[in-house]
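The structure appears below as structure tokens.
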Amino acid sequence: MPGELIRVEKEIGEGSFSTVYLAREKSREMREVALKVCLKKHIVKNRMVIYVQREKEALAILSREENKHPGIIGIYCTFQDAESLYFVLSYAKYGDLWNLMRKQPNKRFTVKDAQYYSANLLSALAHIHKHGIIHRDVKTENLLVQEDGRILLSDFGSSKFLKDYETQPPVSDKNQNTEEERPGRARRASFTGTAQFCTPELLEGQRTDPATDIWAFGVVIYNFLTGILPFEDISEYLIFRRVQAVLYDFPEDFPDENAKDLVERVLVKKQEDRLTSEQLMAHKFFESIDFEKLQEMEPPNIF
Ligand code: ADE
């Protein structure tokens, strides 16, 4: 956005392909926004154009008045200049949930807080799936916390539209379309942290569907309640081997039997055997949650 309309205040985050700044929109009483800046030459050189387009398209769809959901990051506008592409996004004051979790006693969430955050994530996932969008990079770091304590699902750069999937055959030739079907791999060198949330189907170049996000949802709940990750090893290669074999276990002090049951029904190799979002909402772990009234719940005070 031209400098006269937006004032950049400070850098708040850096990824491999973008830098995020806190900025203020002069035209809207200096509303706080996050300004994500992607260097064009970097994007083109690393063949990231498709990811930037996807993010823009997905967020544009989800920001339409009729498609809005309170748990999904909002996009106000995009613009560009000779060097960069800019996304003006809703600002999440407390940063990402991974960093907040690390600051909690025992470096994990209580069962109650984990229920709150995972219920909100599940609601957001059910919503995007209903609109034909799969996120494909669901992870604790992609949950941002706003000033009021509510979370936003962010980073739609790996997302995929179900409609365009339906018009394409599943990928059988391993050399075909692999970058398209395997964002975790294609981006492996540059996006840290994704390997642990990757699914067997992403690794094997098979079709992805909403169940891909549901797997990652299971990894997120495990992470919330233990502070660690179910699939962890000394190299990405070994992590991928564990994911493919669904090789993980629960620490002895795993705090909740219902959560354990839920995770076991989600970290399942075959997509069709995983619980769906509707089944998850009815799971015992969410017994105390009224999904119709999530917005009325008081967010955890973890700051
Ligand atoms: N880091 C990345 N995106 C962000 C956002 N929208 N708000 C705050 N921090 C961020």
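Remember, it's 1-based here, ligands and their atoms both numbered in the order they're listed.
Remark: Glu66 CD is packed, more than 12 non-hydrogen atoms of other residues, nucleotides or ligands lying under 6.0 Å away.
Between the side chains of Ser159 and Glu55, no donor-acceptor pair is found at a separation under 3.5 Å.
Residue pairs satisfying the side-chain hydrogen bond (donor to acceptor under 3.5 Å, both in side chains) criterion with at least one member in residues 281-294, sequence neighbours excluded, are listed as follows: Asp261-His283.
Note: Phe224 and Phe109 have perpendicular aromatic rings, judged against thresholds of 30 and 60 degrees for the angle between ring planes.
Legend: residues meeting salt bridge (Lys or Arg N to Asp or Glu O under 4.0 Å) with Asp253, ordered by chain and number and at least two apart, are Arg108.
For ligand 1, the protein residues placed under 4.0 Å by at least one non-hydrogen atom are Ile12, Val20, Ala34, Ile73, Ser90, Tyr91, Ala92, Leu144.
Hydrophobic cluster membership for Tyr91: Ile12, Val20, Leu22 (Ile, Leu, Val, Met, Phe, Trp, Tyr linked by side-chain heavy atoms under 4.5 Å, directly or transitively).
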